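All values reported here derive from a predicted model rather than from experimental measurement. Just so we're on the same page: letters track the sequence lines, and every chain starts at 1.
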Protein chains: 2
Amino acid sequence: MVDKPGLSKGEMTVARILWEHGPATVRTIHDAQADGQQMDFATVQTYLRRLESKGYASSVLEGKTRVYSAKTKAKTVIRKTVDELVSRLFGGQSMPLVRHLIEERGVSADELAELRLLIERLEEEGKQS
Amino acid sequence: MVDKPGLSKGEMTVARILWEHGPATVRTIHDAQADGQQMDFATVQTYLRRLESKGYASSVLEGKTRVYSAKTKAKTVIRKTVDELVSRLFGGQSMPLVRHLIEERGVSADELAELRLLIERLEEEGKQS
DNA sequence: CTTGCACAGGTACATTTGTACGTGTACGAT
DNA sequence: ATCGTACACGTACAAATGTACCTGTGCAAG
């Protein structure tokens with residue numbers, strides 16, 4: 001796997017919508033934008049085109065509309081992006097970021113419970129390996 | 001607080017070294033680079049200059065060398081950057097990122113213990129508020 | 001004194017990114 | 001047959017970014 005150039009912020013925003021909705025047209029994605037962060041139809045189109053040329057998406061002309069599909073899994077892009085960030089901002093340590101997320105941005109009671117379970121599970125695994 | 005333009009990746013890398021070392025010269029920062037991700041002396045210089053022009057750093061000429069200091073706290077930049085990322089990649093939800101960090105990138109036993117404490121503390125706080 | 005380092009500061013420049021306009025065309029309504 | 005609508009697709013272009021060279025100058029070694 002040759003490493004494709006990374007995604008820019010705008011491309012990422014569009015990519016995320018693509019992952020969520022599955023195969024979609026420019027319009028679908030354009031309309032799916034969260035209010036307040038609208039980008040022009042043509043802009044979305046450009047991002048999609050770039051996504052495709054970078055190898056992150058593929059498309060087929062279906063009738064007269066082009067339908068784009070994600071070609072790279074969200075997880076892959078997320079991993080790469082997060083790794084990047086962690087390395088640049090925290091010297092490769094993930095804990096500081098985890099701490100930041102939990103402390104600085106709210107975590108609901110439910111999420112807290114989920115986290116607890118996650119941790120307990122990992123502690124178990126740790127013990128026996 | 002007018003929001004200054006964000007930091008680019010390169011600038012962030014340099015900014016981080018600046019935060020760690022405290023006031024430093026171009027050379028100090030250049031030499032402090034983790035092996036393998038060396039950037040040219042002049043490149044570091046440029047980033048520092050840009051950091052200053054964006055208002056994230058300040059500098060004084062000390063004798064014949066210029067000494068740069070961070071002007072914005074790491075936490076501020078981190079918050080902004082992470083918020084950005086979380087919003088673009090996870091639609092504003094931080095839990096998916098926390099999960100990713102814990103599951104996909106290793107967490108040592110010690111860190112796990114720390115996390116457990118952190119969670120317990122938050123659970124306590126939650127109960128009484 | 002002369003030469004060479006070590007830096008500061010200015011300038012350069014190709015890419016990438018954000019953002020979008022304009023043209024051409026197929027299809028459905030008049 | 002004609003028009004408006006909805007797209008695809010090519011093109012545009014300024015700003016941001018990554019990356020670095022070049023020039024001048026003071027200091028220190030010869």
Whichever of Val67(B) and Tyr47(A) has its nearest DNA chain C nucleotide further upstream toward 5':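 Result of the comparison: Val67(B).
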
Toward the 5' end of DNA chain C, by each residue's nearest nucleotide, Lys64(A) or Gly10(A):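 Residue closer to the 5' terminus by nearest nucleotide: Gly10(A).
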
Which whole-number value in Å describes the distance from [X] [atom1] to [N] [atom2]?
X	N	atom1	atom2	result
Phe41(B)	dA6(C)	CZ	C1'	8 Å
Glu11(B)	dA15(D)	CD	C1'	13 Å
Ile29(B)	dC7(C)	CD1	C1'	15 Å
Glu62(B)	dC7(C)	CD	C1'	15 Å
Leu51(B)	dA16(D)	CG	C1'	14 Å
Arg50(B)	dG9(C)	CZ	P	16 Å
Arg49(A)	dT17(C)	CZ	P	15 Å
Asp40(B)	dC22(D)	CG	C1'	13 Å

Name the one of Ile102(B), Ile119(B), Leu115(B) that satisfies side-chain contact (heavy atoms from CB on, under 4.5 Å) with Leu118(A)?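 Of the listed residues Ile102(B), Ile119(B), Leu115(B), the side-chain contact (heavy atoms from CB on, under 4.5 Å) partner of Leu118(A) is Ile102(B).
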
Knowing that exactly one of Tyr68(A), Tyr47(A), Trp19(A), Tyr56(A) qualifies, which makes a side-chain contact (heavy atoms from CB on, under 4.5 Å) with Val14(A)?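 Answer after filtering Tyr68(A), Tyr47(A), Trp19(A), Tyr56(A): Tyr47(A).
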
Are the side chains of Arg116(A) and Glu123(B) in contact, using a 4.5 Å heavy-atom criterion?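 With C-beta onward as the side chain, the pair touches.
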
Atom NZ of Lys71(A): over 12 foreign heavy atoms under 6.0 Å: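 Counting other residues, nucleotides and ligands, NZ of Lys71(A) stays at 12 neighbours or fewer.
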
Using a strict threshold of under 4.0 Å (side-chain N to carboxylate O), is an ion pair present between Glu103(B) and Arg121(A)?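 Looking at Arg121(A) and Glu103(B), the cut-off is met.
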
Do the side-chain N or O atoms of [X] get closer than 4.0 angstrom to the phosphate oxygens (OP1, OP2) of [N]?
X	N	value
Ser8(A)	dT16(C)	no
Arg66(B)	dG9(C)	yes
Lys54(B)	dT17(D)	yes
Gln45(B)	dG9(C)	no

Side chain of Leu61(B) only, please: which of dA20(C), dA8(C), dG18(C) is the nearest?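 Looking only at heavy atoms from C-beta outward on Leu61(B), the closest nucleotide is dA8(C).
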
Kindly indicate whether the side chain of Thr46(B) and the base of dA20(D) share any N or O donor-acceptor pair separated by less than 3.5 Å?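 Result: at least one qualifying N/O pair found.
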
So Thr43(B), base contact, sugar-phosphate only, or nothing? Heavy-atom distance under 4.0 Å.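 It contacts base atoms.
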
